[in-house]
Amino acid sequence: MAEQNKYPVNLLDTPFPMRGDLARREPGFLQQWQEQQLYKKLREAAAGRPKFVLHDGPPYANGDIHIGHAVNKILKDIIIKSKTLAGFDAPYVPGWDCHGLPIEHQIEKLVKGDKDAVKNNPDIHARIVDYRKANGLDPKETVLPAAFTRELCREYAARQIARQKADFIRLGVLGDWEQPYRTMDFKTEADIVRTLGRIHANGYMVKGQKPVHWCVDCGSSLAEAEVEYEDKVSPAIDVGFRLRDSAALAQAFGGVQLGDAPAYALIWTTTPWTLPANQAVTVHPELMYDLIATDKGLLVLAHELAEAALKRYGIESGNVIAQTRGAALEGLLLLHPFAERNVPVILGDHVTTDAGTGLVHTAPAHGLEDYVVGLKYKLPINNPVADDGRFLPSTPLFAGRTVWEANPLVLATLEERGALFANRKLEHSYPHCWRHKTPIIFRATTQWFIAMEHEVGGRTLRDVARQAVDDTEFFPAWGRARLEAMIGNRPDWCISRQRNWGVPMAFFVHKETGELHPRSGELLEQVAQRIEQEGIEAWFKLDATELLGDEAAHYQKLKDTLDVWFDSGSTHYAVLRQRDGLNWPADLYLEGSDQHRGWFQSSLLTGCATEGRAPYQQLLTHGFVVDGKGMKMSKSKGNVIAPQEVINKMGADMLRLWVASTDYSGELSISDEILKRTTDAYRRVRNTLRFLLANLSDFSPSQVLPADQLLTLDRYALVELARTQAKVTALYDKYEFHLAVQELHAYCADELGAFYLDIIKDRLYTMGADSVGRRSAQTALWHITQALTRLLAPILSFTAHEVWDVLRGLDGSLAENVQLTSWHVVPAIADAEALATQFALVREVRTQVQKDIEVLRADGRLGSSLQAEIALTAAGDTLAALQALGDELKFVLITSRAEVAAGEATSVTVTPSQAAKCERCWHYRADVGSHADHPGLCARCHGNLFGQGEVRRHA
């Protein structure tokens, strides 16, 4: 604006810089929050308001946070802050999951001297070395006392929590960071035990020998949520079980004549190692089965699968001599292919024709469906595989072998005995341990379960859980069907683990019968009180006689610990029920989509088993983070983006804006290019805020005009502000943050930048500083800035803080921090609807004028739009809307002249002005030079500068 230097205009500055420099400045804002004790003041300010409780799903205390953690915590923070601004008391108590194998495994690595583990945790390793020296142990001793190991686990978890906590705070997440909950806190451990006691008292806890997911590397059973599926190559084999009784077989197939050929029932399996535990062969009662004469004997196969099976066996053709339904085969006896026992043919609805033979090898010790059908037929649950994945010494042929070593031996044995009909390699999806990434096995062990089919008051736990799902609101809505399916299909929940670092199942069991002590509830509460004072070590060091007296001779402490999903799934009781200022049930649980089978489900089941309902009202699910090409993030692919790197380079607000801008209901894509686009969007918002603050630099609340005294355009601006605020706050309420960001960005870019602010620049810059027209515009800007800052605060928390500091410099009565406020109260405009209707018509005409001006500019016939003179014709409501603006129409159109006349339709005529250009306002006017002392000024600018110019009352 060098051309304007000769005559002063109202170009003001602001301490709010154009460049955010967020990475450098945000830590200073965080320090201010801490010095202000912002979270504490939020709780004080919100006291007495309606509650909104988001219960934090605890991240596991192991490793630095990744981008998924950042997404999760930022989403939670946006919700908490928006609910607070909406007038709720919305406390946020962050938490951590602390027990379990991953931490125990890290300590094991330190004990064994793993180089990477020692490098990352030198202090804990030094403690291990000192302990060995102090106790005279071999420097390479890898088995340390359990109590000391648990002590190291607790220390390791505390260190991990401290690291993660610092990163979460750096994200701008407000919460009770001084008093988070940790599942290893003594009180929390005690309340987890109490939750177990309540479930036992309600009759949902049962003991049983059932097949469970078992990780050989963990040496423990795994929960459903600890299992992931990866591709694995397995031997896919067809095995012949020879029929023992030809007459019975002939009768089953309608009395057909069989002859002397051997007959076989063919099974297909990808787990040959489970054959030693086979107890039956299952067929579907309704499927049709063929009896086929071949050169390899008589073969029993499901009709739908027979042709494919014969091809696998190298049999070009076979003669189907009889058919029957599977129900007719029930009770036939088969000879186990290498064990000296008979096995029956039984019936099961789980048999399908997806693959194989239609006859299923059944080992109740190694499969859940096998176990269920085995109960019906009272089959033995024979598990020959030990905890380490090796066959027991009593197992013929395979004693001492691992299950994977046994596979080729099984095949060789079958081949030798003429029972192997086909053997091929098959790549298929197979369950793996999510920690060790190694294949797991199904094996029956004595474990403790929460029974899904146990009835209380005529309803099973599954029934209660289904009702709880029905009563829950889901965001996005598809989460309901997913959780419904998982509850409908899930087996009993195995809650016992054979680990060291975990909350104990604090029961006493009879040494002979294995039954729980009849006073288990009372005893468990006594144990819980001790744990509350000393932590879980109180149980491990407890002498049974302290509680049982003479009865201790007949009872022993249960050695099992609880599944860590039970720990976190019990926090609704341990945290929401126990902490002042929180409510049960929570209003909202928010986690990634994998938690439908994890925390959402474990919380649901513990809630239903103790309270008869879910511990939440709403469930919000977000997707996983992928790279810009939609690929899963992987260190090996080199596409991992760490939140720490983004923060250090761009600032946390940029990461927060990316999270809020992305539709979390699906996968969240991130890349350098996507972050660059986020930066561009942020720059638009920041530039808007800077313009607002700069033009309020000489304004104070005492100069705010009443709404009815504002100029027309300014009143309309408040109408649009109210509309935008209502829309954005409604989107916050529905957790549709990406749409809220779109609305806010469009408001800054279109409603403000391309319309209102563009129009009022002339008034702000050229009118008298204290003129009514300028103060009217500043009044609107004051409300816009107040409202926009609060609307942005849940997302751009640091930037909003920065803006608020500038506003407080103008108005010392404002709250200390924007987070301590509520949504701005936009002044009501009496003729809001009429203004909206009027300006909708005016803006349609304005759009056409701008297009026509651009045509002349492209032809070189016109410079800026101010050089244009506009002649309009219009009819009806459009004519009335334009005429109501009077002389202000030219300012709305940003032209030097605008005239409107009645016509049959709207038309626009653009003419380059022949008048001179004012050196100050750049308008082309006939009165430029009308004052000889300032020949370069128009009469309006001369009056604004020297007191005798036009007085603009309308806009």
Side-chain angles (χ1 to χ4, degrees), residues 10-18 20 29 81 85 653 682-707 710-711 713-729 740-741 743-761 763-765 769 774-827 829 955:
N10 306 312
L11 280 180
L12 306 176
D13 200 3
T14 173
F16 185 81
M18 182 180 297
F29 301 148
K81 286 173 177 171
L85 285 159
D653 260 5
Y682 175 81
R683 188 177 294 116
R684 161 60 71 180
V685 173
R686 188 174 185 92
N687 287 344
T688 301
L689 293 168
R690 177 174 165 78
F691 180 93
L692 295 170
L693 292 173
N695 284 282
L696 289 171
S697 295
D698 65 341
F699 188 75
S700 71
S702 63
Q703 295 164 323
V704 170
L705 298 178
L710 299 180
L711 305 188
L713 181 64
D714 302 326
R715 286 188 289 113
Y716 170 67
L718 293 186
V719 170
E720 285 301 297
L721 174 63
R723 181 200 64 81
T724 298
Q725 177 165 276
K727 193 167 183 179
V728 171
T729 54
V741 170
E743 187 70 21
L744 287 166
H745 185 269
Y747 180 68
C748 290
D750 301 331
E751 190 61 42
L752 294 181
F755 182 70
Y756 179 64
L757 300 184
D758 202 25
I759 294 170
I760 65 169
K761 284 178 184 176
R763 198 173 354 140
L764 290 170
Y765 296 162
R774 186 165 180 272
R775 293 307 187 201
S776 175
Q778 286 181 309
T779 295
L781 295 187
W782 178 255
H783 290 298
I784 290 170
T785 310
Q786 289 268 355
L788 184 59
T789 305
R790 300 174 204 215
L791 291 172
L792 291 169
I795 298 169
L796 298 177
S797 297
F798 292 106
T799 302
H801 168 96
E802 188 180 3
V803 173
W804 199 256
D805 271 0
V806 176
L807 289 175
R808 290 190 71 227
L810 303 175
D811 182 2
S813 68
L814 291 176
E816 187 176 12
N817 190 290
V818 64
Q819 305 296 344
L820 292 168
T821 66
S822 55
W823 301 133
H824 185 60
V825 178
V826 181
I829 304 300

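- In this structure, Asp758 and Gly753 approach most closely via the heavy-atom pair CB-O, 3.6 Å.
- The aromatic rings of Trp782 and Phe699 lie tilted to each other, with the angle between the two planes from 30° to 60°.
- Side-chain atoms of Leu12 and Asn695, non-hydrogen and from C-beta on, never get closer than 4.5 Å to each other.
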Next on the checklist: Determine whether Trp804 and Gln819 satisfy the following criterion, side chain to side chain contact (heavy atoms under 4.5 Å, CB included), listing intermediate values before the conclusion.
Outcome noted: CA-CA 10 Å; Trp804 199 256; Gln819 305 296 344; over 6 Å; no
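- Looking at Arg790, its side chain never comes within 3.5 Å of a backbone N or O of Val818 through a donor-acceptor pair.
- Here the side chain of Glu720 pairs no donor or acceptor atom with the backbone of Ala717 at under 3.5 angstrom.
- With a 4.5 Å cut-off on side-chain heavy atoms, Arg774 and Asp698 count as touching.
- Arg723 forms no cation-pi arrangement with Tyr747, by the criterion of a distance under 6.0 Å to the ring centre and an angle within 45° of the ring axis.
- Between the side chain of Thr779 and the backbone N or O of Leu705, at least one donor-acceptor pair lies under 3.5 Å.
- The two residues Cys748 and Thr688 have their closest heavy-atom pair at CB-OG1, 3.6 Å.
- A distance of 8.5 Å separates CG in Leu689 from CG in Leu796, rounded to the nearest 0.5 Å.
- When every heavy atom of Ser797 is checked against every heavy atom of Lys81, the shortest pair comes out as OG-NZ, 2.8 Å.
- Note: Gln786 CD to Trp823 CH2 = 13.5 Å, rounded to the nearest 0.5 Å.
- Residues Leu11 and Tyr765 have side chains in contact (heavy-atom distance under 4.5 Å, counting atoms from C-beta outward).
- No option in Arg763, Gln778, His783 other than Arg763 meets the side-chain hydrogen bond (donor to acceptor under 3.5 Å, both in side chains) test with Asp714.
- Taking CZ of Phe16 as the start and CG of Leu807 as the end, the distance is 10.0 Å to the nearest 0.5 Å.
- Nearest approach of Ala815 to Thr821, heavy atoms of both residues: CB-CG2, 3.7 Å.
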Next on the checklist: Set out, in order, the CA-CA distance, both residues' side-chain angles and the distance that settles side chain to side chain contact (heavy atoms under 4.5 Å, CB included) for Lys727 and Leu744, then state yes or no.
Outcome noted: CA-CA 10 Å; Lys727 193 167 183 179; Leu744 287 166; over 6 Å; no
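- Scanning all heavy atoms of the two residues, the minimum distance from Ala707 to Arg715 falls at O-CD, 3.2 Å.
- The shortest side-chain heavy-atom distance between Asn817 and Arg808 does not fall under the 4.5 Å cut-off.
- Atom CG of Leu791 sits about 8.5 Å away from atom OG1 of Thr724, to the nearest 0.5 Å.
- Put simply, CG on Leu721 and CG on Leu788 are 8.0 Å apart, with the number rounded to the nearest 0.5 Å.
- Side-chain N or O atoms of Ser697 include one that pairs as donor or acceptor with a backbone N or O of Leu693 at under 3.5 Å.
- Under a 3.5 Å cut-off, the side chain of Thr729 and the backbone N or O of Ala726 do form a donor-acceptor pair.
- A distance of 11.5 Å separates CG in Leu764 from CD1 in Ile759, rounded to the nearest 0.5 Å.
- Taking a cutoff of 4.0 Å between a charged side-chain nitrogen and a carboxylate oxygen, Arg686 and Asp653 do not qualify as a salt bridge.
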Item to check | Derivation of the side chain to side chain contact (heavy atoms under 4.5 Å, CB included) call for Leu713 and Phe755 | outcome: CA-CA 11 Å; Leu713 181 64; Phe755 182 70; 4.1 Å; yes
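- When all heavy atoms of Ser700 and Ser702 are compared, the closest pair comes out as OG-OG, 2.8 Å.
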Checklist entry - Yes or no on side chain to side chain contact (heavy atoms under 4.5 Å, CB included) for Leu692 and Leu757, after CA distance, side-chain angles and deciding distance? => result CA-CA 9 Å; Leu692 295 170; Leu757 300 184; 4.1 Å; yes
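- Distance alone, capped at 3.5 Å, is enough to place a donor-acceptor pair between the Gln725 side chain and the His824 backbone.
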